[in-house]
Amino acid sequence: MAIERTFSILKPDATERNITGAINALIEKAGLRIVAQKRIRMTRDQAETFYAVHKERPFFGELVDFMISGPVVVQVLEGEGAIAKYRDVMGATDPSKAADGTIRKAHAKSIGENSVHGSDAAETAKIEIAQFFSGNEIVG
Ligand code: CMP
């Protein structure tokens, strides 16, 4: 399988509980390499752009409010089949359905406050990475 890059966010419920290191340990244990990382506060504009695909969903307002409620850590992860691999490591969106050993099973609080985001496909990974990182900030 090809070496890929995916985009990750450690969400405000993770920074609030000071568990970003614990989550990074699970990411690295899975064989993914953190090739870019920064802690930021998303603006409302950034969050609305990032989640534009969910604009018509009933939870959109709640989702945006949550994502700007505290710091987040944005990351680029690299590895073999990184997009699918990270989705496996994260576990199901709803933590009550997440498999044992996944980040969301171990750490997520609810379907909304679910600790991590990961890109769902190669094209979205490219767009999401470009929203938060310039090329020279990614060091593989
Ligand atoms: P994420 O992978 O960041 O992509 C979209 C997010 O919407 C998802 O994780 C969840 O955190 C959030 N989400 C999905 N369904 C719901 C819901 N029913 N209520 C609140 N948030 C949701």
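Please read all numbers here as calculations on a predicted model, not as lab measurements. Just so you know, ligand 1 is whichever comes first in the structure, and atom 1 is the first atom listed for that ligand. Positions are given from 1 along the sequence.
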Exercise. Is a side-chain N or O of E48 found less than 3.5 angstrom from the main chain of D45, in a donor-acceptor match?
Worked result: no
For this session: Would you confirm whether Q75, through its side chain, and S8, through its main-chain N or O, come within 3.5 Å as a donor-acceptor pair?
Result: no
If we only consider heavy atoms of [X], is any one of them less than 4.0 Å away from an atom in ligand 1?
X	answer
M67	no
Y51	yes
E113	no

Problem set entry | Mutual orientation of the aromatic rings belonging to F133 and F7 [parallel < 30°, tilted 30-60°, perpendicular > 60°] | perpendicular
Exercise. Relative to each other, are the rings of H117 and F50 parallel, tilted or perpendicular (30° and 60° limits)?
Worked result: perpendicular
For ligand 1, which is the ligand I care about here, please tell me if [X] has any N or O atom under 3.5 Å from one of the ligand's N or O atoms.
X	result
I111	yes
N114	yes
H117	yes

Problem set entry | Protein contact to atom 9 (O) of ligand 1 [nearest heavy atom, distance to 0.1 Å] | K11 NZ, 3.2 Å
Problem set entry | Atom CD of E137: over 12 foreign heavy atoms under 6.0 Å | yes
With heavy atoms of [X] as the reference, note each atom of ligand 1 found under 4.0 Å away.
X	value
E62	20 (C)
L63	6 (C), 7 (O), 12 (C)
R104	2 (O)

Problem set entry | Between CG on residue L63 and CZ on residue R57, distance to nearest 0.5 Å | 10.0 Å
Problem set entry | Gap between atom CG of N24 and atom CD1 of I19 - 0.5 Å precision | 11.0 Å
Problem set entry | Option with minimal heavy-atom separation from atom 20 (C) of ligand 1, where the choices are F50, F66, F59 | F59
Exercise. Can R44 and D65 be counted as an ion pair, charged N to O under 4.0 angstrom?
Worked result: yes
